[in-house]
S.K.: 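This is the structure I want to talk about, given as structure tokens.
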Amino acid sequence: MTTRQTGHSITIERGSEHVRVVHGGQVLAESRRPLLLRETGLPVRYYLPPEDVRTDLLTPSRTQT
């Protein structure tokens, strides 16, 4: 899927690479089916399926986006 405005585009695609998220020596997430979001002027962002994330190791944040 691609959305475009003048000079700006957003693309979402299925990734096939192995993504592993480690913090403090613990694996927080591991997936071979990420979604990659590419947006003009920003780094690639990876979205992982919830079942591939160790949500029991996460704590809520006071911030929102």
Side-chain angles (χ1 to χ4, degrees):
M1 176 176 93
T2 300
T3 301
R4 292 182 190 218
Q5 293 179 355
T6 306
H8 187 93
S9 68
I10 298 172
T11 304
I12 300 170
E13 60 190 62
R14 291 196 185 278
S16 59
E17 60 276 342
H18 181 213
V19 176
R20 188 172 201 213
V21 180
V22 179
H23 179 71
Q26 280 195 299
V27 176
L28 300 180
E30 194 157 9
S31 183
R32 292 194 183 273
R33 49 200 182 123
L35 291 179
L36 283 65
L37 186 139
R38 300 178 193 277
E39 185 172 2
T40 303
L42 296 173
V44 175
R45 289 177 301 275
Y46 293 80
Y47 288 85
L48 307 179
E51 56 271 13
D52 293 352
V53 178
R54 291 279 317 270
T55 56
D56 59 306
L57 299 175
L58 303 178
T59 56
S61 170
R62 288 184 240 159
T63 62
Q64 295 180 5
T65 59

S.K.: Does Leu36 reach the side chain of Tyr46, with side-chain heavy atoms less than 4.5 Å apart?
M.R.: yes
S.K.: Is there a continuous path of hydrophobic side-chain contacts, each under 4.5 Å between heavy atoms, that joins Val27 to Leu58?
M.R.: no
S.K.: Taking NE2 in His23 as the centre, count heavy atoms belonging to other residues, nucleotides or ligands within less than 6.0 Å. Is the count above 12?
M.R.: no
S.K.: Does atom CZ (Arg32) have a neighbourhood of more than 12 heavy atoms from anything else shown, all under 6.0 Å?
M.R.: no
S.K.: Name all residues meeting the salt bridge (charged side-chain N to carboxylate O under 4.0 Å, His left out) criterion together with Arg20; count only those two or more places apart in sequence or in a different chain, and write none if there are none.
M.R.: Glu30
S.K.: What distance do Thr11 atom OG1 and Glu39 atom CD have between them, rounded to the nearest 0.5 Å?
M.R.: 9.5 Å
S.K.: Show the numbers, then the answer: is there a side chain to side chain contact (heavy atoms under 4.5 Å, CB included) between Val19 and Asp52?
M.R.: CA-CA 10 Å; Val19 176; Asp52 293 352; over 6 Å; no
S.K.: Might you point out which heavy atoms bring Ser9 and Thr40 nearest each other, and give the distance in Å?
M.R.: N-OG1, 2.8 Å
S.K.: Could you walk me through whether Leu35 and Arg14 pass the side chain to side chain contact (heavy atoms under 4.5 Å, CB included) test, one step at a time?
M.R.: CA-CA 5 Å; Leu35 291 179; Arg14 291 196 185 278; 3.9 Å; yes
S.K.: So if you build clusters from Ile, Leu, Val, Met, Phe, Trp, Tyr with side-chain heavy-atom gaps below 4.5 Å, do Val21 and Tyr47 land together?
M.R.: no
